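As structure tokens, the structure follows; a few thoughts come after it.
Note that ligands are numbered from 1 as they come in the structure, with each ligand's atoms numbered from 1 the same way. Everything numeric here is computed off the predicted structure, so don't read it as measured data.
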Amino acid sequence: MKLYSTNNKDLRVSFEEAVFNSLPQDKGLYMPVEIPQLDPLFIKNIQQYSLQEIAFTVANALIGDDIPREDLKNIVEDAINFDAPVKFLDSTTAVLELFHGPSYAFKDFGARFMSRVMGYFAKDGDQLLDVLVATSGDTGGAVALGFLGVAGTRVTILYPKGKVSKVQEEQLTTNGQNIRALEVDGTFDDCQALVKQAFNDQELNQQLRLTSANSINIARLIPQTFYYFWAYAQLKSQGINEVVFTVPSGNFGNIGAGLLAYKLGLPVKHFVAGTNVNDVVPRFLQSGSYDPKPSIQTLANAMDVGNPSNWVRIQDLFAHNLDDLRALISSYTYTDEQTKVAMQELYDKYNYIACPHTAIAYMAAEAFKKDFPGEYASVFLSTAHPCKFPDGIEASIFEHVTYPKGATELAEKPKLAHDLKVSYEEFKTYLLDNK
Ligand SMILES: *Cc1c(COP(=O)(O)O)cnc(C)c1O
């Protein structure tokens with residue numbers, strides 16, 4: 001796979017380079033020069049394959065030239081070692097559950113695959129790969145558990161003290177091995193600023209091989225296409241061929257992967273993006289003008305994004321043609337009050353407990369069905385297990401949440417975290433003293 005930058009179509013970099021840089025220097029995003037078409041027979045018979053077989057076929061079509069077949073197979077099988085089941089709530093509405101991985105959120109797909117790809121490429125180098133990541137909750141857990149035990153890598157996670165949920169904090173701080181957690185006496189923005197400064201620090205970069213686990217990394221996007229194919233396979237095995245996917249969106253990486261799957265040949269009827277009041281994209285689709293804004297805090301906090309970093313990629317995928325985008329993507333926006341009502345409705349009607357992000361997708365799916373009725377399965381994506389969001393869910397519902405077995409075990413492990421003030425000097429000293 002060769003990649004260009006959305007800011008420079010003449011640029012050509014290898015997959016390996018794109019993985020380690022995350023971003024081109026011109027601050028565009030990497031995009032594949034060619035998007036291969038999957039064999040129509042594969043799509044026609046897709047219900048015969050397992051998730052891992054499907055994942056390998058898709059990955060091989062994209063990066064088969066960069067990683068030999070057997071190695072890629074091992075990476076896929078090691079990374080995608082949990083299911084993503086489609087569960088029907090009624091005859092036409094289903095939820096695609098993406099939270100059965102180690103951090104109970106869909107980011108496990110991206111983080112686990114990327115960590116193994118980085119570990120694979122890093123093998124030749126003699127220097128340890130130091131991954132720095134700031135998190136407001138979900139990303140850090142997926143990256144920590146994704147990189148845990150991956151040879152040749154070490155992860156340092158900065159998280160804001162007292163501002164992540166219990167399960168999230170336990171996922172960050174109970175790992176040991178090659179994972180270090182820094183509990184920062186500040187906000188998520190402070191954490192992000194410290195990490196950014198480290199990447200720009202020449203002296204530090206001379207001593208350490210720093211890399212980011214950024215959500216716009218191409219190695220996180222690719223594995224997120226897998227579950228769209230797998231969902232389609234599950235529907236096909238039930239005789240369903242028409243599907244509309246609804247995706248709760250923040251940075252638009254998840255839905256971006258769905259659109260990449262579509263470009264690879266997955267027959268999807270329509271995509272729907274559900275957002276919270278951070279509605280830059282819904283406004284754009286309506287008006288045609290893109291106006292990023294400072295983010296607003298909501299119950300669905302993993303979607304509190306004022307300037308979605310993957311949107312450029314989606315624009316690029318459709319050659320900036322607004323009519324083509326509108327023909328394939330719809331979007332709906334919801335307030336916290338509406339999100340609470342939706343969580344209650346899911347619980348009362350289907351006995352289903354959804355996290356706030358998932359509830360937004362549910363509402364958007366229902367809205368689209370009402371606006372465009374038809375003979376299709378409406379599948380909304382559940383991006384996280386409700387146990388991660390005790391503050392976002394009414395207590396009367398939350399008390400019925402069943403914790404995954406692993407989450408109860410985590411609670412018994414000792415917390416390993418290093419306290420850090422919002423001080424770049426202190427952060428740098430920590431990194432250099434603990435090489
Ligand atoms: C990250 C995240 C999202 C948003 O996904 P994007 O790819 O940024 O659009 C939605 N829900 C949960 C639970 C998340 O962690």
Checklist entry - Restricting to pairs with a member in residues 376-399, which pass ring-ring contact (aromatic ring centres under 6.0 Å, His included), not counting sequence neighbours? => result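 Residue pairs passing ring-ring contact (aromatic ring centres under 6.0 Å, His included), neighbours aside: F99-H385, H357-F389, Y362-F380.
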
Could you pull out the closest heavy-atom pair between V247 and A361, with the gap in Å?
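Minimum heavy-atom contact is C-CB, 4.5 Å.
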
task = Decide if the gap between the ring center of F56 and the ring center of Y49 is smaller than 6.0 angstrom.
result =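 No: the rings miss the under 6.0 Å criterion.
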
Next item on the list: List in chain and number order the residues that pass ring-ring contact (aromatic ring centres under 6.0 Å, His included) with Y352, two or more places apart in sequence or in another chain; answer none if no residue qualifies.
Entry: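 Partners of Y352 by the ring-ring contact (aromatic ring centres under 6.0 Å, His included) criterion come out as none, since no residue qualifies.
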
Check: every ligand 1 N/O to protein N/O pair under 3.5 Å:
| from | atom 1 | to | atom 2 | distance (Å) |
| --- | --- | --- | --- | --- |
| ligand 1 | 7 (O) | G253 | N | 3.2 |
| ligand 1 | 7 (O) | N254 | N | 2.9 |
| ligand 1 | 8 (O) | N251 | N | 2.8 |
| ligand 1 | 9 (O) | G250 | N | 2.8 |
| ligand 1 | 9 (O) | N251 | N | 3.3 |
| ligand 1 | 9 (O) | F252 | N | 2.9 |
| ligand 1 | 11 (N) | T383 | OG1 | 2.8 |
| ligand 1 | 15 (O) | K107 | NZ | 2.5 |
| ligand 1 | 15 (O) | D138 | OD2 | 2.7 |

| query | Counting only heavy atoms not in Y262, do more than 12 sit closer than 6.0 Å to its OH atom? | reply |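 At most 12 heavy atoms, drawn from other residues, nucleotides or ligands, come within 6.0 Å of this atom.
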
_Residues forming a salt bridge (charged side-chain N to carboxylate O under 4.0 Å, His left out) with K370, sequence neighbours excluded_ =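 Salt bridge (charged side-chain N to carboxylate O under 4.0 Å, His left out) check on K370 returns nothing, list empty.
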
